[in-house]
Novice: 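Structure incoming, see below.
From a predicted model like this one, the values you see are computed outputs, not experimental measurements.
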Amino acid sequence: MGHTYQETSMAPLFNDTTMKAVQFALSGVNQRQQATAHNIANVNTPGFRSSRVTFEDQLAEALRTGRSIDSISFDTQRANTPVNTRGNDVALEEESQILIESGIHYEALVAGLNHKLGVIRTAIGRP
């Protein structure tokens, strides 16, 4: 099942492909963090099946082909990890690693966004 990306209204200056891509990626990482937190919260729930959120391949393809970022969505699917002794498939170490990596990706995206905004500020003459 996919989640459609909803763009917020921004001034045209902030509505270029780079800004749209970063905004989409930030939303995707946020969705991933929420799904992972939900997985971890259900670590002891018998029968629970964990999920994964992906978006990178679709975003890369849209950027490569010039397709509108507005036309792509996040993909949520089952993790398909082995069922454990608790009767679910939550792999706590793997989930923790995903949370850490997602946090790093989020910070990198925010740093990139801040850099772009800094360039815009410099271009309009505001330090």
Side-chain angles (χ1 to χ4, degrees):
M1 93 179 127
H3 299 281
T4 304
Y5 169 67
Q6 301 276 328
E7 177 186 330
T8 58
S9 69
M10 297 189 300
L13 181 62
F14 303 106
N15 206 16
D16 65 359
T17 302
T18 301
M19 295 296 271
K20 285 183 177 186
V22 170
Q23 197 175 21
F24 180 85
L26 283 167
S27 294
V29 171
N30 180 294
Q31 289 273 338
R32 178 176 293 144
Q33 289 173 323
Q34 288 180 20
T36 305
H38 184 69
N39 294 344
I40 291 171
N42 285 283
V43 70
N44 291 317
T45 305
F48 180 80
R49 297 296 174 254
S50 55
S51 61
R52 298 282 183 265
V53 174
T54 59
F55 61 89
E56 291 90 341
D57 290 343
Q58 286 190 65
L59 178 57
E61 179 69 12
L63 292 172
R64 188 181 66 74
T65 62
R67 194 169 110 207
S68 171
I69 292 170
D70 300 333
S71 70
I72 61 176
S73 62
F74 311 118
D75 189 25
T76 302
Q77 41 189 286
R78 288 203 172 157
N80 292 322
T81 50
V83 174
N84 57 38
T85 57
R86 293 180 300 274
N88 64 49
D89 71 343
V90 179
L92 192 54
E93 287 183 19
E94 188 174 330
E95 300 297 335
S96 297
Q97 181 179 349
I98 291 169
L99 270 183
I100 291 167
E101 289 173 358
S102 294
I104 292 168
H105 291 160
Y106 197 90
E107 288 178 19
L109 287 164
V110 169
L113 184 61
N114 285 335
H115 176 74
K116 168 122 181 166
L117 293 173
V119 169
I120 292 171
R121 275 193 301 271
T122 300
I124 60 174
R126 298 190 88 183

Novice: Is it possible for you to say whether Y106 and L99 belong to one hydrophobic cluster, with membership spreading through side-chain heavy-atom contacts below 4.5 Å?
Specialist: no
Novice: Just jot down the side-chain contact (heavy atoms from CB on, under 4.5 Å) partners of N30, sequence neighbours excluded, or say none.
Specialist: Q34
Novice: Does any part of the side chain of D89, heavy atoms only, come nearer than 4.5 Å to the side chain of N80, both counted from C-beta?
Specialist: no
Novice: Between I40 and S96, which heavy-atom pair has the shortest distance, and what is it?
Specialist: CD1-N, 4.4 Å
Novice: Please check if V53 and V22 belong to a single hydrophobic cluster, counting links between Ile, Leu, Val, Met, Phe, Trp and Tyr side chain heavy atoms closer than 4.5 Å.
Specialist: yes
Novice: Would you say that N84 contacts N88 through its side chain, given a criterion of any heavy-atom pair below 4.5 Å between the two side chains?
Specialist: yes
Novice: Dump the intermediate steps for side-chain contact (heavy atoms from CB on, under 4.5 Å) on V90 and T81, then the final yes or no.
Specialist: CA-CA 7 Å; V90 179; T81 50; over 6 Å; no
Novice: Any salt bridge (Lys or Arg N to Asp or Glu O under 4.0 Å) involving residues 35-45? Give me the pairs, sequence neighbours left out, ordered by first then second residue.
Specialist: none
Novice: If you measure from NE2 on H105 to CD1 on I98, what distance do you get to the nearest 0.5 Å?
Specialist: 11.0 Å
Novice: Using the rule that Ile, Leu, Val, Met, Phe, Trp and Tyr join whenever any side-chain heavy atoms are under 4.5 Å apart, tell me whether V43 and V83 fall into a single cluster.
Specialist: no
Novice: Residues two or more places apart in sequence or in another chain: which of them pass side-chain contact (heavy atoms from CB on, under 4.5 Å) with I100?
Specialist: I104
Novice: Which pair of heavy atoms, one from S27 and one from F74, lies closest together, and at what distance?
Specialist: CB-CZ, 3.5 Å
Novice: Among residues two or more places apart or on two chains, list those pairs meeting salt bridge (Lys or Arg N to Asp or Glu O under 4.0 Å) that have a residue in residues 34-57.
Specialist: R32-E56, R52-E94, R52-E95
Novice: Please name the pair of heavy atoms, one in A25 and one in L59, separated by the smallest distance, quoted to 0.1 Å.
Specialist: CB-CD2, 4.1 Å
Novice: Give every residue pair that meets the ring pair (Phe, Tyr, Trp, His ring centres under 6.0 Å) criterion with at least one member in residues 29-48, sequence neighbours excluded.
Specialist: H38-F48
Novice: Between M19 and D16, is there a side-chain heavy-atom distance shorter than 4.5 Å?
Specialist: yes
Novice: Could you tell me which non-hydrogen atom of S51 sits nearest to which non-hydrogen atom of T76, and how far apart they are?
Specialist: CB-CG2, 4.0 Å
Novice: Can you pull out every salt bridge (Lys or Arg N to Asp or Glu O under 4.0 Å) where at least one residue sits in residues 97-106? Sequence neighbours excluded, please.
Specialist: none
Novice: In Å, rounded to the nearest 0.5 Å, how long is the span from OG of S102 to CD of Q31?
Specialist: 11.5 Å
Novice: When clusters are formed by joining ILVMFWY residues with side-chain heavy atoms under 4.5 Å apart, either directly or through shared neighbours, do F55 and L113 land in the same one?
Specialist: yes
